[in-house]
Amino acid sequence: MDSFDQYQVVVVNLDPTIGSEIKKTRPCVVISPDEMNRHLNTIIIAPVTSTSRPYPTRVEIQLRGKSNWVVVDQIRTIDKRRIVKAGEHLKEEERHKLKAVIKETLVD
């Protein structure tokens with residue numbers, strides 16, 4: 001079983017999808033904690049898009065020098081077998097912004 005780190009960017013095959021779910025193979029950010037990521041066959045991810053409107057549930061990040069947005073309103077649990085490859089980790093500032101938006105969206 002592969003282990004992935006919280007706040008790591010991974011490329012995930014999200015198909016098949018239904019309705020308005022974000023589709024295709026795309027970067028996603030692992031948001032589940034490392035303890036879960038080490039022991040379960042599933043992880044929690046938030047998809048990343050290169051085009052976004054300024055929604056309060058979107059967090060801007062830089063991937064390969066370009067602006068992208070983590071889509072907090074599309075968080076989902078996936079089987080690790082959907083992961084095509086693992087990549088870079090979010091910068092510290094991006095992590096803090098993402099944590100704040102997740103908390104504001106799901107906790108408060």
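Between the side chain of Arg82 and the backbone N or O of Asp15 there is at least one donor-acceptor pair closer than 3.5 Å. Although no hydrogens or angles enter the test, the distance criterion places a donor-acceptor pair under 3.5 Å between the side chain of Arg95 and the main chain of Leu90. Gln74 places no side-chain N or O within donor-acceptor distance of the main-chain N or O of Pro47, the cut-off being under 3.5 Å. Without hydrogens or angle criteria, Lys80 side chain to Asn37 main chain gives a donor-acceptor distance under 3.5 Å. At least one donor-acceptor pair under 3.5 Å links the side chain of Glu94 to the backbone N or O of Gln62.
In this structure, Leu106 is a member of the same hydrophobic cluster as Tyr7, with clusters built from ILVMFWY side-chain heavy atoms closer than 4.5 Å. Hydrophobic clustering, with ILVMFWY side chains joined whenever heavy atoms are under 4.5 angstrom apart, keeps Ile83 apart from Leu63. Put simply, Val29 and Trp69 are part of two different groups of oily side chains (I, L, V, M, F, W, Y) that touch within less than 4.5 Å, one to the next. Under the 4.5 Å side-chain heavy-atom criterion for Ile, Leu, Val, Met, Phe, Trp and Tyr, Ile78 and Val71 are members of the same hydrophobic cluster. No single ILVMFWY cluster, assembled from side-chain heavy atoms under 4.5 Å apart, contains both Val10 and Ile61.
Expressed to the nearest 0.5 Å, how far OG1 of Thr77 lies from CE of Met36 amounts to 6.5 Å. To the nearest 0.5 Å, atoms CD1 (Ile31) and CD1 (Ile45) are separated by 7.5 Å. Rounding to the nearest 0.5 Å places CG of Asn13 at 12.5 Å from CZ of Arg81.
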Working note: Leu14 + Ile22, criterion side-chain contact (heavy atoms from CB on, under 4.5 Å); need CA distance, chi angles, decisive distance, verdict. CA-CA 7 Å; Leu14 296 172; Ile22 287 187; 4.0 Å; yes

Show your working on side-chain contact (heavy atoms from CB on, under 4.5 Å) between Val72 and Leu98 and close with a plain yes or no. CA-CA 8 Å; Val72 174; Leu98 181 55; 3.6 Å; yes

Is there a side-chain contact (heavy atoms from CB on, under 4.5 Å) between Val59 and Ile102 once you walk through the steps? CA-CA 10 Å; Val59 178; Ile102 290 169; over 6 Å; no

Arg76 vs Val12, side-chain contact (heavy atoms from CB on, under 4.5 Å): CA-CA, chis, key distance, verdict: CA-CA 12 Å; Arg76 67 184 84 174; Val12 178; over 6 Å; no

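Ile75 is listed as a side-chain neighbour of Ile44, based on a closest heavy-atom distance under 4.5 Å. The side-chain heavy atoms of Thr49 and Arg26, taken from C-beta on, include a pair separated by under 4.5 Å. Residues Asp73 and Thr105 fail the side-chain proximity criterion, which asks for heavy atoms closer than 4.5 Å.
Inspection of the Ser32 and Gln6 side chains reveals no N or O donor paired with an N or O acceptor under 3.5 Å.
Heavy atoms of other residues, nucleotides or ligands lying less than 6.0 angstrom from CD of Glu60 number more than 12.
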